[in-house]
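One structure below.
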Protein chains: 2
Amino acid sequence: MESFQSLFDDLERSGPVPLYFQIARRIEGAIESGMLPPGTKLDNEVKLAEDLKLSRPTVRRAIQELVTSGLLVRRRGIGTQVVHGKISRKVELSSLLDDLTRDNMNPSTVVLLHELVVPPGDVVEALDLQDSTPVLHIKRLRLTGNDPIALLENYLPPELSDISAEQLESQGLYQLLRAKGATMRVAKQRIGARAATREEGEHFGRPAGSPVLTMTRTVYDNGGRAVEFGVHAYLPEMYSFEMTLVDR
Amino acid sequence: MESFQSLFDDLERSGPVPLYFQIARRIEGAIESGMLPPGTKLDNEVKLAEDLKLSRPTVRRAIQELVTSGLLVRRRGIGTQVVHGKISRKVELSSLLDDLTRDNMNPSTVVLLHELVVPPGDVVEALDLQDSTPVLHIKRLRLTGNDPIALLENYLPPELSDISAEQLESQGLYQLLRAKGATMRVAKQRIGARAATREEGEHFGRPAGSPVLTMTRTVYDNGGRAVEFGVHAYLPEMYSFEMTLVDR
DNA sequence: TTAAACTATTTGTCAATACAATCGCACGAT
DNA sequence: ATCGTGCGATTGTATTGACAAATAGTTTAA
């Protein structure tokens, strides 16, 4: 609709951050801050490119990023609009701890188990292990304030098994893995539900058999090697998965 | 690694299907058929473009599609590889009926409720309704063979409320909506768990209070207008959500 | 009056090119 | 033997240019 050139004033044209990314971030910010309310029509790509003194493909790529993530909708002959309906953060390859920290939920972690074990069959398959070298098996209770929210069970491959229980209480697992140089590029996960075990019930302060939300996830690095295998149980009153889907 | 030029023989250069899309589909097919096993290195973009007699941006866009959907991994200086680990179909803006049909699960539908109602508050909000015009409220039981799998409750906005119970038993809701010209571009959904109500328990053949997996979804069309609002309960022994996440 | 045809606008697709950044590896210096 | 250094290979970013296709609105014709 209008011109928002001011939004794009100080683009770093020679910095390490790609131009298309800088633009995408600013538009995203403008949408989330309410400066661009739902339904707003963006300037057309040609004009935008002229205003920003950039090429059309660069502008187009920035817009594409936001279309793919569900913030914008493009229609040929019409233009580009901010999506109606409040769109929330999608499911990302992020850690529960990061999510809770970002939302100021005051998260903490209690390590319940920390041992090296010979991997059971399902873990061998999930991590695609070649032999029976012991792997690190951990079980953690995640809380927000004093309220339990999830019981997290994880297996780590031998080369990433030198993590201490103390480290796990002070930092998130993904933080630690990243610090060790693991990349975490692709994850496969399954979300389901089942009745709580007695152990889960005790930690959650609920009777055994009450419903829990479950998520099992295997994370792979750049080279396709498994980095982590996790079986998580969430207290459904406290947590659920929210996501935005876009049809392309 | 090798040359797969044969894969790309008869590209329709002047048809209505974009070239990058044709290429992406063929690579996808080659991966799923096992012709390109996990870890296989694709030819580099420049060579691929030469072989196909296309520009590099076009080839690159085809590859980009598959990277975004988690089938390929690209690394600068290294090349493009087929992702390790069997990657499954991600959560898509698809209907349960389509999924079950594709997997030969012999699905069927029983319409339990079909009525016009003045929309309750949460529905007004979800569908972003301006007045209290009655909306269609339906409740369906979805089965595979003779086994119940889900209880589906939906609300449709007034302009899409002329759908009969008979139509719903023979076709999927999304099929019907599409036939009415609705587009369904973006969806926002939440996956959680809770205890089954008495009604759910009866339909599922389980005691009330046993765990159910829940999904609430609002679907929007091109213009950002809400097309459908659904509250679904799944029998967790029969169904779960599987998805692949890619970090970009 | 109504329907068809045209037009302006805007995104979609594709090409050809240039240079930058990163990675693995071989080679060489210490 | 080990640690850098440099080089080739490959993807990442960005520009410019051209034409196609879809949409909404306007004008024209029946």
Side-chain angles (χ1 to χ4, degrees), chain A residues 1 3 8 11-25 27 40-68 72-83 181 183 185 221-224 247-248, chain B residues 1-3 8 11-25 27 39-68 72-83 181 183 185 221-223 246-248:
Chain A
M1 213 63 121
S3 256
F8 307 105
L11 291 178
E12 271 192 73
R13 302 189 72 93
S14 52
V17 185
L19 291 170
Y20 75 87
F21 191 79
Q22 295 183 45
I23 302 172
R25 280 295 295 264
I27 297 179
T40 308
K41 226 170 124 184
L42 262 61
D43 280 341
N44 72 65
E45 296 173 353
V46 182
K47 182 173 187 319
L48 256 178
E50 272 175 12
D51 286 354
L52 305 185
K53 305 203 193 319
L54 293 175
S55 69
R56 188 179 156 211
T58 302
V59 172
R60 204 174 150 69
R61 176 153 184 196
I63 293 175
Q64 180 58 46
E65 298 269 318
L66 300 178
V67 170
T68 319
L72 297 177
V73 173
R74 272 195 300 206
R75 288 157 72 199
R76 184 189 303 204
I78 307 299
T80 306
Q81 286 179 308
V82 179
V83 164
T183 43
R185 186 62 149 267
D221 69 4
N222 272 331
D247 190 26
R248 283 164 286 194
Chain B
M1 212 63 121
E2 312 151 47
S3 256
F8 306 105
L11 291 178
E12 270 192 75
R13 301 189 73 92
S14 52
V17 184
L19 290 170
Y20 75 86
F21 190 79
Q22 295 182 46
I23 301 173
R25 281 296 294 264
I27 296 178
T40 308
K41 228 171 122 183
L42 262 61
D43 279 341
N44 72 66
E45 296 174 353
V46 182
K47 183 175 187 317
L48 255 177
E50 273 176 13
D51 286 354
L52 305 184
K53 305 202 194 316
L54 293 174
S55 71
R56 189 180 156 212
T58 302
V59 173
R60 203 174 150 69
R61 176 152 184 195
I63 293 175
Q64 181 58 44
E65 299 268 317
L66 301 178
V67 170
T68 316
L72 297 178
V73 173
R74 274 195 298 207
R75 287 154 72 197
R76 184 187 303 202
I78 307 298
T80 306
Q81 285 179 309
V82 178
V83 163
T183 43
R185 187 63 151 267
D221 70 4
N222 271 330
V246 184
D247 190 26
R248 284 164 282 192

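In the text below, chain A, chain B and the rest are named by the order of the sequence lines, each starting its count at 1.
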Are Val73(B) and Val82(B) packed together at the side-chain level, in the sense that at least one heavy-atom pair is separated by less than 4.5 angstrom? no

Quick one: closest heavy-atom pair of Leu66(A) and Ala24(A), and the distance? CD1-O, 3.7 Å

Out of dG12(D), dT10(D), dT15(D), which has the shortest distance to the side chain of Leu54(A)? dT15(D)

Report the distance from atom CZ of Arg60(A) to atom P of dC14(C), rounded to the nearest whole Å. 11 Å

Rounded to whole Å, the CD-C1' distance (Glu45(B) to dA16(C)) equals 15 Å

With a 4.5 Å limit on heavy-atom distance, are the side chains of Lys47(B) and Asn44(B) in contact? yes

Protein-nucleotide distance (Ile63(B), atom CD1; dT11(D), atom P), rounded to Å: 7 Å

So, OP1 or OP2 of dT11(C): does either fall under 4.0 Å of a side-chain N or O from Arg56(A)? no

Determine the sole option in Leu48(B), Leu52(B), Thr80(B) for which the side-chain contact (heavy atoms from CB on, under 4.5 Å) test with Asp43(B) is passed. Leu48(B)

Does any N or O in the side chain of Gln22(A) come within less than 3.5 Å of the main-chain N or O of Glu12(A), such that one atom is a donor and the other an acceptor? yes

Taking only side-chain N and O atoms of Tyr20(A), does any of them lie within less than 4.0 angstrom of OP1 or OP2 on dT13(D)? yes

Minimum side-chain heavy-atom gap Ile63(B)-Arg74(B) below 4.5 Å: yes

Whole angstrom value for the distance that separates C1' of dT17(C) from CD of Glu50(B): 14 Å

Ignoring the backbone of Arg76(A), work out which of dT16(D), dA21(D), dT11(D) is nearest its side chain. dA21(D)

Let me know, please, whether Ile78(A) or Ser55(A) comes out on the 5' side of the other along DNA chain D by nearest nucleotide. Ser55(A)

Indicate, with a heavy-atom threshold strictly under 4.0 Å, whether Arg61(B) touches base, sugar-phosphate, or nothing. sugar-phosphate

Leu48(A) CG - dT9(C) C1' separation (whole Å): 15 Å

Counting only side-chain N and O atoms of Thr58(A), is one of them less than 4.0 Å from OP1 or OP2 of dT13(D)? no

Select one nucleotide: of dT11(D), dA15(C), dT15(D), the one nearest the side-chain heavy atoms of Val46(B). dT11(D)

Compare side-chain N and O positions of Thr80(B) against OP1 and OP2 of dT11(D) and report whether any pair is under 4.0 Å apart. yes

How long is the line joining CD of Glu65(A) and C1' of dG12(D), in whole Å? 13 Å

Secondary structure string for DNA chain C (Watson-Crick or G-U under 3.5 angstrom, | for other-strand pairs): ||||||||||||||||||||||||||||||

Just N and O in the side chain of Arg74(A): are any of them under 4.0 Å from OP1 or OP2 of dG12(C)? yes

Within this structure, what is the CG-to-C1' distance between Asp43(A) and dT9(C), rounded to whole angstrom? 13 Å

Whole-Å distance between dT10(C) C1' and Leu72(A) CG? 15 Å

Are any side-chain N or O atoms of Thr58(A) and backbone N or O atoms of Leu54(A), one a donor and one an acceptor, separated by less than 3.5 Å? no

If you find the nucleotide of DNA chain D closest to Gly77(A) and the one closest to Pro57(A), which residue's nucleotide is nearer the 5' end? Pro57(A)

Do Arg56(B) and Val46(B) come close enough that some side-chain heavy atom pair is under 4.5 Å? yes

